[in-house]
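Because the structure is predicted, anything quoted here is derived from the model rather than measured. By convention in this document, chain letters (A, B, ...) are assigned in the order of the sequence lines, proteins followed by strands, and residues within each chain are numbered from 1.
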Amino acid sequence: MKNPEGPSSFYERVKQIIKQIPYGKVATYGQIAFYAGSSRAARQVAWVLHSSSERDNLPWHRVINGKGKISLKPSLGYELQRSLLEAEGIVFDEAAQVDLNRYGFRMHKPV
DNA sequence: AACCTGACTTCGG
DNA sequence: TCCGAAGCCAGGT
């Protein structure tokens, strides 16, 4: 990981946005990318999380894919993320999906 | 410098 | 409605 250039970099904006996801809510990769200024950089959002979620204490578990499902694979973090979300009151249906209409995060102020 | 890879998204069959 | 292929941006090799 390189040094983040500054607060205006995509990298920094993504982190700021993720930090703003409130307890009990979730956001999708594409949505975060959109708020960060690059609606097509969903994969980079995932990359930011993977590279510095631990270091910067980001609520990485509140980020899921556009289908409302967890992207991690079983035994590679899936169980952990799901339990963290359930601990916040988020419910998964039989298809292991969450209701984005209900739990989806909506930003109030642009970053 | 070129090619591969990824915690994604979207479109077409 | 479900599945596969293509598109995208960046870092790693």
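Among residues at least two apart or in separate chains, salt bridge (Lys or Arg N to Asp or Glu O under 4.0 Å) pairs with a member in residues 74-86 of chain A are A:Arg82-A:Glu86. Applying the salt bridge (Lys or Arg N to Asp or Glu O under 4.0 Å) test to pairs two or more places apart or on separate chains, none has a residue in residues 16-40 of chain A. Applying the salt bridge (Lys or Arg N to Asp or Glu O under 4.0 Å) definition to pairs two or more places apart or across chains, none involves residues 90-102 of chain A.
Between the P atom of C:dG12 and the CZ atom of A:Arg43 lies a distance of 15 Å, rounded to the nearest Å.
In summary, contact between chain A and DNA chain B, defined as any nucleotide atom under 4.0 Å from a heavy atom of the protein, begins and ends at B:dG6 to B:dT9 in the 5' to 3' direction.
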Show me the donor-acceptor pairs, under 3.5 Å and distance only, between side chains in residues 63-71 of chain A and residues at least two apart or in other chains.
residue, atom, partner, partner atom, Å
A:Asn65, OD1, A:Lys67, N, 3.0
A:Asn65, OD1, A:Gly68, N, 3.4
A:Asn65, OD1, A:Lys69, N, 3.1
A:Asn65, ND2, A:Lys69, O, 3.4
A:Asn65, ND2, A:Ser71, OG, 3.1

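With sequence neighbours left out, the salt bridge (charged side-chain N to carboxylate O under 4.0 Å, His left out) criterion links A:Arg62 to A:Glu88.
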